[in-house]
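Input: a single structure, listed below in structure tokens.
What you see is a predicted model; the values in this text were computed from it and never measured.
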Amino acid sequence: MTGPKDPDPADEAEPQEPPEPSAAHEPGEETPPPEQPQQAAETPAAAPDFEGPRRRARREREERRAAQARAMAIEQARREAKRRAMGKPPGEARRLRRGTVRGLKVLMWSALISVIVVGLGLLLYFTPVMAVRSTVVTGVGAVTQEEIVAAAAVAPGTPLLQVNTDSVAERVAAIRRIASARVQRQYPSTLRITVVERVPVVVKDYPDGPHLFDRDGVDFAIGPPPPGVPYIDTDSPGPNDEPTKAALQVMTSLRPEVAAQVARIAAPSVAAITLQLIDGREVVWGTTDRTEEKALKLGALLTQPGKTYDVSSPDLPTVK
């Protein structure tokens, strides 16, 4: 019998080393399962996502807006942190800064406008840019234009802003025949003087000649009276004489066609006024009470024949 055969040393297999870990995975990491190429090959590839020009432009806009919003948020957070560090309430610094800037702008513009106005005023006041080169006078009749210009005493070439219009008007109104005067600057180079002459209402004889009185009782001229101006009989006619003022009140209340018939008005007192007409008729007026009503009644009463017309009581006018 053959005994057990001794093992051949050549037949003994060498010990196999364990397989080394893959270089793509570090020790300790979980080894992915082996790929299944057959299954992957069977799965169809996903279609690529196509991005057109409009979608790309919209995406870029959204990205820019997001970036701006992040930048503004970061800047706002920085400012708020700075305000908290300085001990100011949030938003107060911005309000103060805006108010300061606005106030500085207003102040700057106000100063600029003031400088321009002052400069322009100085230019016009001290230079002959807008100076008096002509004087226009309106409203003259008995007074000549030369008399008005001489009384105004404004030298040609005087800057208009240096002309005191009130003083010029007072000098012109100092002429006895002038009741009022108005002086105006008309840029660039004209001075306009508008006058109102006194109109004679009554006349009184004096040794040096007849004196003309206007509606205010001012004795403004000596000379022959215009046609239709009646004579006045008072002791001392003048603007402060009560009988004179009463007689002038009666004359100015009459209708023009009636006033033209008056030759003389007598006022020895304020309560005894009488009118003498050109044709010799007489009107008893009495006081100045209800003057307008008396003047209205006299206009109708003179259409009746008679010698004496009494309107001293306008409720009971009489004709004799």
Task: T308 side chain near V284 side chain, heavy-atom distance below 4.5 Å - done: yes
Open item on the list: Just so I know, are the side chains of V202 and M251 near enough to count as touching, which here means a heavy-atom distance under 4.5 Å?
Closed with: yes
Open item on the list: Testing the 3.5 Å rule here: is there a donor-acceptor pair between the side chains of S167 and E170?
Closed with: no
- [ ] Report, as yes or no, whether the 6.0 Å neighbourhood of atom CZ on R185 holds more than 12 heavy atoms from other residues, nucleotides or ligands.
- [x] yes
Open item on the list: Using salt bridge (charged side-chain N to carboxylate O under 4.0 Å, His left out), reason through K297 and D310 one step at a time and then give a plain yes or no.
Closed with: CA-CA 10 Å; K297 294 291 180 65; D310 191 345; over 6 Å; no
Task: Cluster link L296 to L301, ILVMFWY, side chain under 4.5 Å - done: no
Task: Same cluster (ILVMFWY, side-chain, under 4.5 Å), V154 and Y187 - done: yes
TODO: Answer whether the closest heavy-atom distance between the side chains of T244 and T234 falls below 4.5 Å.
DONE: yes
TODO: Evaluate the side-chain proximity of V229 to V201: yes if any heavy-atom separation is below 4.5 Å, no if none is.
DONE: no
Task: In one Ile/Leu/Val/Met/Phe/Trp/Tyr side-chain cluster, 4.5 Å: W285, V270 - done: no
TODO: Report yes if the side chains of I193 and R182 come closer than 4.5 Å at any heavy-atom pair, otherwise no.
DONE: no
Open item on the list: With a 4.0 Å cut-off on N to O distance, would you call E62 and R58 a salt bridge?
Closed with: no
Task: Test item: E293 side-chain N/O and R290 main-chain N/O as donor-acceptor pair under 3.5 Å - done: no
Open item on the list: So, applying side chain to side chain contact (heavy atoms under 4.5 Å, CB included) with V143, which one of E197, R176, R198 is it?
Closed with: E197
Task: Greater than 12 external heavy atoms within 6.0 Å of R56's CZ - done: yes
Task: The single option from V196, I148, V140 passing side chain to side chain contact (heavy atoms under 4.5 Å, CB included) against I178 - done: I148
